2 protein chains.
Amino acid sequence: MAKAFVTSVDVAQRAGVSRSAVSRTFTEGASVSPDVRRKVLQAAQELGYRVNRLAQGLNNSSSNLVGVVGANLSLPFMAKQLDMLSIGLLRRGQQCLLLNAADARSDIAPLIELIFEFRARAIVVLSGEPPMSIVDECLANGVKLIVINRQLARSDTDIILSDDIAGATLAAERLKTAGCQKVAVVTSGSETPTQLRRCEAFSSVMTAAGTEIVVWRDGPTTYETGLKAARELLCDRQIDGAFCVTDIMALGFLDGARNDMGRLVPEDLSVIGFDDIPQASWRSYELTTIAQSFEVLTEAVLAALDHELGQSVITNVPVTLIERNTVRR
Amino acid sequence: MAKAFVTSVDVAQRAGVSRSAVSRTFTEGASVSPDVRRKVLQAAQELGYRVNRLAQGLNNSSSNLVGVVGANLSLPFMAKQLDMLSIGLLRRGQQCLLLNAADARSDIAPLIELIFEFRARAIVVLSGEPPMSIVDECLANGVKLIVINRQLARSDTDIILSDDIAGATLAAERLKTAGCQKVAVVTSGSETPTQLRRCEAFSSVMTAAGTEIVVWRDGPTTYETGLKAARELLCDRQIDGAFCVTDIMALGFLDGARNDMGRLVPEDLSVIGFDDIPQASWRSYELTTIAQSFEVLTEAVLAALDHELGQSVITNVPVTLIERNTVRR
DNA sequence: CTCTCCCTTGAACACGTGTGCAATATTGCA
DNA sequence: TGCAATATTGCACACGTGTTCAAGGGAGAG
């Protein structure tokens, strides 16, 4: 029953010009006389005219929508990423079509297909891994595919990776400096490539240094998982260091260690995280962690939107050690 | 240079049928023989056909996009809300066009106009306040407008409100029960209606009870603001209770009180928040707070999408007191 | 005044889809 | 088999826009 929107025909009629003139008035760089332009703008204003982006998109067979696929958007890391990305897109004059995968394990293929249907120019995958068939289809249809923190085994897609290896190495070095003898690695059971890389790099550095490590892997990537890890791991009183592959788990681990297992951090136990989410700097935690710059990450994504199709640019987001108060000096 | 997407003409040609048959195959409840349907589906599969939603939308002059306007998406409360909303929309077969207002104070009118251009069926305003002219335009063009936690002075828009009055009253009662003599109210300088309502309701209950109150108002709605509030307020050693109108500020306040101002919570000082964000239940805080159910809120928004246009349904999201460990028993 | 050149304008087409309408094929029944 | 009723199909149109093309008009130079 919706009343129809005002169209360019209505505006043209009111302004006493042709529909082409209206279209040209709203098209950058088209040729319109100042007089006509003025009349059109006034008529449009009075009628409340809004360009129909659907028709516009149909015409040049592509919308300027950017599809964003994510999951667990309420986790601080994801939320921050989405926040900055959506702001950046808007500033560039592109719109953000958000598809939330509800479950990190669920197949994101249907969501990407949905984005195809809207003729989006680009797809940003914040979490989950697109199947190869979809990657091919993107390429075939001229859709830019940008994958974050997920290593795809091909050379025609933009990939943006936090420098997990360097970060995990930094963490390992720091715990060695702190003099840790037996170190726990806490990771989730979801086995995302990012977490696997961090875990593996850390382990290999530690092993090479002859430090004893114990890997704990279970549950989803949440605060509660970190808490549980602390409760189970810290029965072993020899453990004097921990690397949690994600800040959110590190915070849970910290709380478990201090409040449930009676450890003093950093005196008895050194804890280090990864990501530098906002909560990591809160006074109750002051978590020493590996930061990856959200600004750099976002900029990399936005820059990737302009890259030529089919070429592969792998951007490494640099990491830095943020020294706070959970590792012994 | 984008290769064109496959169209229904291509599919029709391959399947050896008319284009209408293709359209009907993908239209619920249209009349197609099983034989034709099979051929069409196979051809579509082989060619990788995807309906063009832009054309579809142009045809029935409306997309099934739902515009979502928000700001500060990385704050836990917002993030959680957006997370659940986007999942709910997807489940209903609607898509989420996300416009991030970057700044809570910025004018959201241009964003809403953008949504108009996409011929969205509905607009959900998570934060910020739409100007009246926009509200009128929504009504005129058959766009459902749903405003959250913002009281509009009109009777033709759906409004969803957390029951701030009841919540603030609960908080006040609880602090009275705890025996507080002098109570601080911590709120931000952004003066959102929600915060103003909570602040005012709390104050009036306390004043009526003869309890001394001191209102602190400054800065944005952040953790740091809460921290600052604690540092400034708690120089006054008579203050033995605090109501922070938002959990995120309450957590900052708690940290400031304990770590910087040396207060014991809940022994010396009772603190109560509002929203029940995930972090409130973390072991380091265990914040007593007023919870508004995110589930109920989300359901209310989704339900509002189906309401008839122009009628006003004001939904109050009920609140409950979550008793944890920051108020004396 | 005439010719040329450039700026402006309107008509017509294409984009890809859903659907009303009329024509045709199929089924059910006697 | 014959007839009516029903199911299926194809044609053509509408949705609102950007753009090409040819035509019109005005200005400047000779």
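In what follows, chains are A, B, ... by sequence order, proteins preceding strands, each numbered from 1. Computed from a predicted structure; not experimentally measured.
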Could you verify whether a donor N or O on one side chain and an acceptor N or O on the other, from A/Asp83 and B/Asn100, lie under 3.5 Å apart?
yes

Checking contacts here: which listed nucleotide (C/dG10, D/dG10, C/dG16) is nearest the side-chain heavy atoms of A/Leu58?
C/dG16

Is there a side-chain polar atom (N or O) of A/Ser61 under 4.0 Å from OP1 or OP2 of C/dC15?
no

Options D/dC11, D/dT17, C/dT17, nucleotide nearest the side-chain atoms of B/Ala55
C/dT17

Quick check: A/Tyr49 with A/Phe5 (ring centres under 6.0 Å apart)?
no

With respect to the side chain of B/Asn59, which nucleotide from D/dC11, D/dT19, D/dA14 is positioned closest?
D/dA14

Is the number of heavy atoms from other residues, nucleotides or ligands under 6.0 Å of B/Arg91 CZ greater than 12?
no

Would you indicate which nucleotide in C/dG10, D/dC11, C/dT17 comes nearest to any side-chain atom of B/Arg24?
D/dC11

Candidates D/dG16, D/dG18, C/dG16 - which lies nearest the side chain of A/Thr27
D/dG18

Can you identify which nucleotide, out of C/dG16, C/dA11, D/dG10, has its nearest atom closest to the B/Thr7 side chain?
C/dG16

Could you check which of C/dT17, D/dA12, D/dT19 has an atom nearest any side-chain atom of A/Arg19?
D/dT19

Quickly work out the B/Leu54 CG to D/dG16 C1' distance and round it to whole Å.
12 Å

Identify whether any heavy atom of A/Tyr49 sits under 4.0 Å from a base atom; if not, whether one sits that close to sugar-phosphate; answer base, sugar-phosphate or nothing.
sugar-phosphate

Mind running a 4.0 Å heavy-atom check of residues 29-37 of chain B against DNA chain D and sending the residues that fall below it, in number order?
B/Ser31, B/Val32, B/Ser33, B/Val36

For the side chain of B/Val51, counting heavy atoms from C-beta on, which of C/dT9, D/dG18, C/dT17 is nearest?
C/dT17

Value in whole Å for how far the C1' atom of C/dA14 lies from CD of A/Gln56
15 Å

Would you say A/Ser18 places a side-chain N or O within less than 4.0 Å of OP1 or OP2 belonging to C/dT9?
no

Sequence neighbours left out, what pairs pass side chain to side chain donor-acceptor pair (under 3.5 Å) with at least one residue falling in residues 9-30 of chain A?
A/Arg14-A/Glu46

Kindly write out the residues that satisfy ring pair (Phe, Tyr, Trp, His ring centres under 6.0 Å) with A/Phe294, not counting sequence neighbours, or none if the list is empty.
A/Phe77

Taking CG from B/Asp10 and P from C/dG16, how many angstroms apart are they, rounded to a whole number?
8 Å

